[in-house]
Each structure stands twice: as C-alpha cells, then as structure tokens.
S.K.: 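Have a look at this one.
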Protein chains: 4
Amino acid sequence: MIIEVDPNSEVPIYQQLRDRVVEAIATGVLREGSPLPSTRALATDFGINFHTVNKGYDLLRQQRLLRINRKSGAVVLRDGNSGPPAPEFVEEWTGRATTLLAEATAHGLSREEVLDICRKVLETFGERQEDS
Amino acid sequence: MIIEVDPNSEVPIYQQLRDRVVEAIATGVLREGSPLPSTRALATDFGINFHTVNKGYDLLRQQRLLRINRKSGAVVLRDGNSGPPAPEFVEEWTGRATTLLAEATAHGLSREEVLDICRKVLETFGERQEDS
Amino acid sequence: MIIEVDPNSEVPIYQQLRDRVVEAIATGVLREGSPLPSTRALATDFGINFHTVNKGYDLLRQQRLLRINRKSGAVVLRDGNSGPPAPEFVEEWTGRATTLLAEATAHGLSREEVLDICRKVLETFGERQEDS
Amino acid sequence: MIIEVDPNSEVPIYQQLRDRVVEAIATGVLREGSPLPSTRALATDFGINFHTVNKGYDLLRQQRLLRINRKSGAVVLRDGNSGPPAPEFVEEWTGRATTLLAEATAHGLSREEVLDICRKVLETFGERQEDS
DNA sequence: GTGGTCTAGACCACC
DNA sequence: GTGGTCTAGACCACG
C-alpha cells in the first residue's frame with residue numbers, strides 16, 4: 001500500500017487515513033477481501049500512535065467498508081462491485097455533494113467544467129467488473 | 001435571505017453558515033454585490049454568538065467570496081458569473097471532490113449514477129446569466 | 001442521574017454506561033432533549049477516565065440516541081415517544097433477542113414465564129404519551 | 001448438528017458456538033443427554049482452533065448446560081424440560097433482558113410490539129414435551 | 001501476535 | 001466552559 005498521511009494537516013490524521021483507504025478501494029488498489037496492515041504496524045510505519053489508526057479503521061467499519069477480526073486483522077468488506085449502496089447512504093452523500101458542487105459553481109466553474117472534472121476523476125478509478 | 005442553521009448539528013455552526021452562503025451564491029439567491037446582514041444582526045437572528053458569525057464570514061473572505069468593509073458591511077465579492085476560478089482553487093477542490101467521489105464509488109454507485117446525481121444537483125443551481 | 005458503573009465487571013465500563021443511559025431513556029428518567037453531564041464531569045464522578053465516558057457517549061451517538069454538541073454537551077436525541085424505530089434496528093434487535101430468549105428456554109423457563117418477566121420489565125418502563 | 005459459525009463476525013467465535021448450542025437446546029434439536037461432537041472434531045469441522053471450541057464448551061459448562069466427561073465427551077446436561085431454572089439464573093437473566101428490552105423501548109418499539117416479537121420467537125422454539 | 005480496554009496528560013477547536 | 005484529537009503505555013481477550 002502506498003498511503004501517506006500529513007500529520008501537519010488541519011484534517012485529522014485518522015480521517016486522512018480513512019480517506020486514503022476509501023480512495024484505494026475506489027481505484028481498485030484495495031478490493032473486497034484485501035487485508036490491511038495491523039493497527040500497530042501501520043502506526044509505526046506512519047510514525048503515529050496506534051490509537052489513531054484504530055480510530056481510522058473504526059470509521060471505516062462504521063461505514064461498512066471494513067471488517068475487523070481479532071485474529072486476522074482488518075479486511076476490506078466491500079468495493080464498487082459488491083452491490084448497490086444503501087439508500088440512506090445515497091441521500092446523505094447527495095447532501096454533501098450539493099455543498100461541494102455549490103462551492104465550485106460559486107467560484108465560477110460552469111456546469112460542464114464541473115462535470116468534466118468529476119468525469120475525469122471517475123475515470124481514474126478502476127473499471128468495474130461488469131463494464132469489462 | 002432564507003438561511004437556516006441547526007445549532008444541534010454535528011457540523012460547526014460557522015461552517016453551516018459558510019455552506020449556506022455558498023449555496024445561496026450557487027443558486028443565484030446571492031449575486032456579486034449583494035449585501036449580507038451585519039454580523040451582529042445575523043447573530044441575534046440565529047441566537048448564536050457574534051464571534052461565530054464573524055468566523056463564518058471570515059472563512060468566506062479567505063475564499064475570496066466575500067468582501068468585508070468596516071463601513072458598508074459584508075458584500076458578496078463574486079458569483080458564478082464573475083469569471084473563472086483561481087487555478088489553486090480548482091486544484092484544491094479537485095482533491096476534495098476525489099475523496100467524495102471515491103466514497104460513492106466504494107459504496108457501489110456506478111460512474112453514471114454518480115454523474116447523474118451531480119448533474120441533477122447542478123441543475124437545481126439555476127441557469128447562468130450567459131446561458132440565458 | 002442515579003447511574004452506577006462497576007469497574008470490576010467483565011463488561012466494559014463504556015458499555016455499562018451505555019446500558020444505564022438506554023435504561024434511563026426507557027424508564028423515562030431521560031427524555032428527548034434531556035441534557036447529560038459533561039464527559040469530564042461524569043468521569044470524575046465515576047472515578048474513571050474521560051475517554052471512557054467519551055466512548056460510551058459515542059456508542060449512544062452511533063445508535064442515534066444521543067446528540068453531542070461542542071457547546072452544550074450531550075443531549076438525548078430520542079426516546080420511546082420519538083417515533084418508530086428503523087427497520088434495520090428491529091431486525092438486528094430480533095436476532096439478539098432470539099439468543100437471549102433461547103437461553104431462558106434452555107434453562108427451563110416456560111414460554112409464559114419468559115413473557116411474564118418481559119411484561120413486568122416493560123411495565124417498569126414509563127407509560128408512553130400516546131397511552132395516556 | 002447443523003451449526004454454523006462466522007469467523008468474520010465481530011462476536012467471538014467461542015460465543016457464537018455457545019449461542020448456537022443454546023439455540024439448538026431451545027428449539028429441541030439438542031435434548032438432555034444428547035452428545036456433542038468432541039472438541040477436536042468440531043474444531044477441524046469449523047477450521048478453528050481447538051482451544052476456541054474448548055472455551056465455548058467451558059462457557060456452557062459454567063452455565064450448567066453441559067457436562068464434560070473426559071471419557072464420554074460433552075453431553076447436554078439439561079433442556080427446557082429438565083425442570084425449573086436456578087433462581088440466580090433467573091435474576092441474572094432478567095438483568096440482561098432489562099437492558100435489551102430498554103433498548104427496544106428507547107428506539108420506539110411499543111410494549112405490545114416488543115411482546116409480539118418475543119412471542120413469535122418463542123413460538124419458533126417448538127412445543128415443550130409437557131405441552132404436547 | 002492480533003485487536004480491545006482503560007488510564008493519563010497534552011493541546012486544539014468551538015462557542 | 002465544552003468536546004475532539006493525539007500521544008503514551010499498561011493490561012487483557014482472542015485465537
């Protein structure tokens with residue numbers, strides 16, 4: 001895994017970790033069943049406390065993206081090919097997307113420019129199995 | 001202005017205020033030159049601390065969306081028709097968008113579903129002046 | 001609040017705290033909108049660490065029973081009169097109830113004895129508004 | 001025996017094992033005197049550690065549901081028809097039931113809804129011998 | 001060796 | 001004042 005976190009960022013480390021894992025799942029670097037490093041191992045790798053890693057992993061577990069075993073550590077529970085999302089997720093996500101899209105619009109990006117950026121970002125994510 | 005903040009939400013009030021103003025600019029409710037209520041007036045309206053409003057306005061000022069004059073109060077500095085955004089903004093915004101889009105992808109939304117949601121949200125922002 | 005936790009119990013302190021709060025909501029001691037002590041205050045009251053209280057409160061927030069404000073502390077988000085439960089909750093709860101009821105049955109309690117105990121326990125919980 | 005354990009669940013395997021045995025006794029699949037597989041056989045069947053099975057059996061022994069003989073293996077010590085439960089068990093069980101029922105009540109299930117669920121679950125446990 | 005719990009103390013963000 | 005984050009280290013539960 002090629003994940004990096006910035007301890008000096010204003011966004012909490014555990015959330016950076018969550019974001020990077022989510023992105024790795026979206027890009028296909030991590031798939032359903034992929035194992036993640038142990039909390040202690042990842043902590044020493046990043047030079048951060050293992051509790052911080054723990055909290056990041058816990059966030060991912062709450063979002064049903066990770067399954068945590070005492071025995072075998074953390075395992076990716078789902079990826080883009082694991083079925084449709086929960087309706088509540090879509091609703092909640094749309095709310096956050098609205099704010100983000102409003103910001104781009106207010107700063108002068110046109111509808112098509114915004115969609116182009118989104119399209120390009122989505123293209124960097126791996127192809128879905130059903131597409132190929 | 002028909003702006004509402006939820007003091008019980010988990011998202012900080014000053015950020016809710018910022019988000020609502022950004023959305024108002026995106027939807028055309030606020031335009032370049034539109035005056036905003038004074039910090040004190042808004043604070044008493046919402047029953048929140050005057051410093052909180054100040055912080056929200058300051059965020060908008062940092063993002064070059066607001067101009068704050070000691071004399072004439074806060075004025076919207078730009079809207080979607082005020083020209084293209086700063087390149088740094090686009091870059092920073094794309095980063096945040098990537099994380100958000102990754103989240104949708106990881107949870108099982110297809111590329112087209114994500115783009116559809118974005119398209120629909122953008123349509124609610126109303127037509128730009130040069131479009132009409 | 002008359003809440004007690006046993007630091008020597010095998011069940012984690014933060015979960016005991018969660019259980020006591022849930023029971024207080026069920027019995028009507030706590031209602032929608034009731035404030036809870038600050039994490040630090042409760043921690044010193046119980047002679048435990050504030051992080052432990054924090055974790056207990058966080059559990060309750062995850063279950064949508066608590067709302068946590070930076071300003072005003074923790075507030076009860078819902079009680080028995082705040083509307084019907086989420087379907088997923090009912091399903092998950094039924095699973096746990098099955099195991100518990102099986103235990104009673106295996107130990108020799110008859111169907112009616114079990115239901116009697118449940119009925120009596122439920123009667124100690126406060127009357128619902130719509131019942132009165 | 002048709003018992004299944006999920007090694008990926010968040011609930012410990014030894015407790016899953018205990019729960020499934022308790023449920024099997026409640027539903028009548030296992031009765032007083034029924035032999036259980038040897039710990040080693042069960043361990044290889046499930047692909048889990050032999051100590052884990054041991055711990056699950058030990059839990060059942062502590063709850064007076066199992067007798068473990070070095071010679072004849074594990075045998076079900078009692079079922080629903082083996083007489084009334086120990087008073088201490090009833091007391092301890094009522095405590096756990098209170099927490100579970102409180103949870104349902106706090107989430108908005110009415111007294112009758114809760115009792116209905118319990119009644120339906122108990123009906124799936126089959127008739128007792130003295131009832132038939 | 002894995003994660004989970006609890007303690008302790010520091011510093012920051014919010015209001 | 002409130003809660004949130006991060007660090008640090010100890011001990012226990014699980015397999």
Side-chain angles (χ1 to χ4, degrees), chain A residues 5 7-17 35-44 46-59 61 66-75, chain B residues 5 7 9-17 43 46-56, chain C residues 5 7-17 35-44 46-59 61 66-75, chain D residues 5 7 9-17 43 46-56:
Chain A
V5 293
N8 295 323
S9 165
E10 62 176 354
V11 39
I13 296 176
Y14 73 88
Q15 195 177 329
Q16 291 182 52
L17 176 58
L36 264 67
S38 77
T39 50
R40 261 102 172 168
L42 201 58
T44 51
F46 288 169
I48 60 177
N49 193 278
F50 89 91
H51 285 116
T52 306
V53 178
N54 233 328
K55 190 161 185 177
Y57 276 14
D58 198 55
L59 265 189
R61 194 191 56 182
L66 219 60
R67 178 183 282 157
I68 299 177
N69 286 344
R70 288 197 143 95
K71 185 179 173 184
S72 50
V75 174
Chain B
V5 293
S9 166
E10 59 179 0
V11 38
I13 294 178
Y14 76 88
Q15 194 177 330
Q16 290 184 54
L17 178 59
F46 290 165
I48 59 179
N49 195 299
F50 139 80
H51 290 105
T52 306
V53 179
N54 238 332
K55 187 158 187 177
Chain C
V5 293
N8 296 322
S9 165
E10 63 177 353
V11 37
I13 296 176
Y14 73 88
Q15 195 176 330
Q16 291 182 51
L17 177 58
L36 264 67
S38 77
T39 50
R40 261 99 173 171
L42 202 58
T44 51
F46 288 169
I48 60 177
N49 194 278
F50 88 91
H51 285 116
T52 307
V53 178
N54 233 328
K55 191 160 185 178
Y57 277 13
D58 199 54
L59 265 189
R61 193 192 56 181
L66 219 60
R67 178 183 282 158
I68 299 176
N69 286 344
R70 288 198 144 93
K71 185 182 174 184
S72 50
V75 174
Chain D
V5 293
S9 166
E10 60 179 0
V11 39
I13 294 178
Y14 76 90
Q15 195 178 329
Q16 290 183 55
L17 178 59
F46 290 164
I48 60 179
N49 195 297
F50 139 78
H51 291 105
T52 306
V53 180
N54 239 331
K55 188 159 187 176

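Below, read A as the first sequence line, B as the second, and so on, with proteins coming before strands; counting in each chain starts at 1.
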S.K.: What is the distance, rounded to the nearest whole Å, between atom NZ of D:Lys55 and atom P of F:dG15?
M.R.: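 After rounding, the reported distance stands at 8 Å.
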S.K.: In sequence, state the C-alpha distance, the side-chain angles, and the governing distance for A:Leu17 and A:Tyr57, and then conclude on side chain to side chain contact (heavy atoms under 4.5 Å, CB included).
M.R.: CA-CA 8 Å; A:Leu17 176 58; A:Tyr57 276 14; 4.3 Å; yes
S.K.: Hey, where on DNA chain E does chain A first and last touch, going 5' to 3'? Cut-off is any atom under 4.0 Å from a heavy atom.
M.R.: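 The contacted stretch runs from E:dT2 to E:dC6.
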S.K.: Compare every heavy atom of D:Val5 with every heavy atom of D:Phe46, then report the nearest pair and how far apart it is.
M.R.: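 Closest approach of D:Phe46 to D:Val5, heavy atoms only: CD1-CG2, 3.8 Å.
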S.K.: Closest nucleotide of DNA chain E for B:Tyr14 versus for A:Phe50: which of these residues is on the 5' side?
M.R.: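 Upstream on the strand: A:Phe50.
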S.K.: What does the 5'-to-3' dot-bracket notation of DNA chain F look like when only Watson-Crick and G-U wobble pairs under 3.5 Å count, and pairs to other strands show as |?
M.R.: ||||||||||||||.
S.K.: Heavy-atom nearest nucleotide on DNA chain F for C:Arg61 versus A:Ile48: which residue maps closer to 5'?
M.R.: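 The residue mapped nearer the 5' terminus is C:Arg61.
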S.K.: Report the C-alpha distance between A:Leu36 and A:Leu42 in whole Å, list the side-chain angles of each, state the deciding distance to 0.1 Å, and finish with yes or no for side chain to side chain contact (heavy atoms under 4.5 Å, CB included).
M.R.: CA-CA 9 Å; A:Leu36 264 67; A:Leu42 201 58; 6.0 Å; no
S.K.: Between C:Asn69 and A:Val11, who's closer to the 5' end of DNA chain F by nearest nucleotide?
M.R.: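 That would be C:Asn69.
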S.K.: Pick from C:Thr52, C:Asp58, C:Ile48: which one makes a side-chain contact (heavy atoms from CB on, under 4.5 Å) with C:Tyr14?
M.R.: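 Per the side-chain contact (heavy atoms from CB on, under 4.5 Å) rule, the option paired with C:Tyr14 is C:Thr52, out of C:Thr52, C:Asp58, C:Ile48.
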S.K.: For C:Ser9 versus C:Val11, what's the shortest heavy-atom pair and its separation?
M.R.: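 Residues C:Ser9 and C:Val11, closest heavy atoms: OG-CG1, 2.7 Å.
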S.K.: To the nearest 0.5 Å, tell me how far D:Lys55 NZ sits from D:Asn49 CG.
M.R.: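 Separation between the atoms: 11.5 Å.
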S.K.: Between B:His51 and C:Thr52, which residue's closest nucleotide on DNA chain E lies nearer the 5′ terminus?
M.R.: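 In this pair, the answer is C:Thr52.
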S.K.: How long is the span from the CZ atom in C:Arg61 to the CD1 atom in C:Ile68, to the nearest 0.5 Å?
M.R.: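 Between atom CZ of C:Arg61 and atom CD1 of C:Ile68 there are 5.0 Å.
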